[in-house]
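Input: a single structure, listed below in structure tokens.
Reminder, nothing fancy here: chain letters follow the sequence lines and each chain counts from 1.
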Protein chains: 4
Amino acid sequence: MSETNEAVVIRGGKDLPGFHKVLGYEQVSWDEDVAVISVELQPHHLNLAGVIHGGVLTSLLDIALAQAGTYCPYPGRMRKAITLSLTTTFTGQCSGGVITVTGQKRAGGTRIFNSSGEVRDAEGNLLAMGEGTFRVRSGSESPEGVPV
Amino acid sequence: MSETNEAVVIRGGKDLPGFHKVLGYEQVSWDEDVAVISVELQPHHLNLAGVIHGGVLTSLLDIALAQAGTYCPYPGRMRKAITLSLTTTFTGQCSGGVITVTGQKRAGGTRIFNSSGEVRDAEGNLLAMGEGTFRVRSGSESPEGVPV
Amino acid sequence: MSETNEAVVIRGGKDLPGFHKVLGYEQVSWDEDVAVISVELQPHHLNLAGVIHGGVLTSLLDIALAQAGTYCPYPGRMRKAITLSLTTTFTGQCSGGVITVTGQKRAGGTRIFNSSGEVRDAEGNLLAMGEGTFRVRSGSESPEGVPV
Amino acid sequence: MSETNEAVVIRGGKDLPGFHKVLGYEQVSWDEDVAVISVELQPHHLNLAGVIHGGVLTSLLDIALAQAGTYCPYPGRMRKAITLSLTTTFTGQCSGGVITVTGQKRAGGTRIFNSSGEVRDAEGNLLAMGEGTFRVRSGSESPEGVPV
């Protein structure tokens, strides 16, 4: 969990289109079996009560848990997976600051893998935890992956 | 599942701040134990592969399942709940058009309730299904709810 | 959901070894995409409070949801799947009588399928609902399946 | 995670009635926020393929996760909780030997708590992981609990 390489930088959510840009996450680290992303909360991440929306927590867990099983060390290449199921347990709330999401691959073979992870606020309080099952897309089974 | 009242109109996501506005849903209907919302997919709802991001599906299920257990018939008032756990099974993909999310309360007492629901694309294909457990917030136990 | 054939009769839990015998379920019906089993509750199905143990509910949902995606119309043959993930929401309790578990396949391709289902007591009250994701075992992709 | 006291001994599944006796677990340890149980697999824990039935894994996770949030240090007394939701991700298989189930309380207040946990075989391989949300029963909010 040390160096960030180019591939990691490229895939920080802020530089990506679509829903990734909405979430606006930074890639803290990404290594074999472990991925960490962080988000500085903005008003558009909050719900009507002014705290982080549960959907932001599930979305970020989905991303970090998928990343944990699809590390690709080669710049300009990536590995892809689709989520089969995702479960989230909500354990806390926060209304601002930087939250950190950690995903860890827990098991898996060539095509299916399982991850778990958690979201913590800036003080380290647990906001949510989750588990997911993923299917590796064709072409993404080996570390070489496919072009970005 | 018939009339839309003022409370329903007020709470369509497009007119709300924060993450609700990002999701941009319309309130199709909202009655005792059943809520329906819809979203016309925009580029910011998609993932890197150009299909709806899993986090959009989980977020919309969270909202419709919570609504199913917090119907409030009085304009200008609402009932609030927090999500304890949410699980989503992903069953399909789509890249555009209007998707519809239905939440149904399945059981529950004064403080805790359970809902299930599904997301379908414009052709009726199942995109995701989910289950959630919710806790009613203080003051929201009765149909009168609290001021918006 | 009509006729019971020999394959169905053979696979009622009472006639099977191992944990299936412990659960002691009857096969009410088993057709393409839908399976129904029932259990007459015995003291060994209960918890310390004298009501059905949560583990009995999850176990029965696991079986009915897997069956829903592995119907095999040929006597003496069967199709096999393994559970990737299972979630259960507990909505009620009961201490005796016959409970009925229904599993329905909701989506899926050749190798992965998704089911949802529910457990009801003799009066029709909802005791639990659940969702599962399953992987079809090699040789079980087609309706012909493999020898029992 | 050190001493076993009388309350712990009393509640090992082998000495309990009902479904607890079927599961036949030993209480390895039980302390504030962490519980560990183990089972020496018997033929009645297996499925038709001769490996541990998924329902055994979900049942044991249900017990260990509930215990993690209901530790009671007073002999002859206990604290009770009911499971609201439980999710299990299945990651491995085994056909015999002693399996160990660890439950850890992750968050929670007076009435609701959340746990996660895992099941490992005798070689330490991960068989399953899970998350649960529980409601503490009336009278069980404080460490004193209620009489067994």
- Task: Could you tell me whether C:Arg137 atom CZ has more than 12 heavy atoms of other residues or ligands within 6.0 Å of it?
- Result: no
- Message: Quick check for you: to the nearest 0.5 Å, what is the distance between B:Thr91 atom OG1 and C:Ile112 atom CD1?
- Response: 13.0 Å
- Assess whether atom CD of B:Gln42 is packed by more than 12 heavy atoms of other residues, nucleotides or ligands within 6.0 Å. yes
- Where does C:Thr133 contact chain B at under 4.5 Å (heavy atoms): side chain, backbone, both or neither? side chain
- Message: Taking side chain as everything from C-beta outward and backbone as N, CA, C, O, which of these in B:Phe90 sits under 4.5 Å from a heavy atom of chain C? Side chain, backbone, both or neither.
- Response: backbone
- Query: Where do B:Ser116 and C:Met129 come nearest, in terms of heavy atoms and distance?
  - Reply: CB-SD, 3.9 Å
- Message: Does atom CD (B:Glu40) have a neighbourhood of more than 12 heavy atoms from anything else shown, all under 6.0 Å?
- Response: no
- Message: If you count every heavy atom of other residues, nucleotides or ligands that lies below 6.0 Å from B:Lys105 atom NZ, does the total exceed 12?
- Response: yes
- Task: Please check if the side chain of C:Glu131 supplies one atom and the backbone of B:Thr88 the other of a donor-acceptor pair under 3.5 Å.
- Result: no
- Note on the structure: Scored by heavy-atom pairs under 4.5 Å with chain B, the best of C:Gly130, C:Gly92, C:Ser85, C:Gly108 is C:Gly130
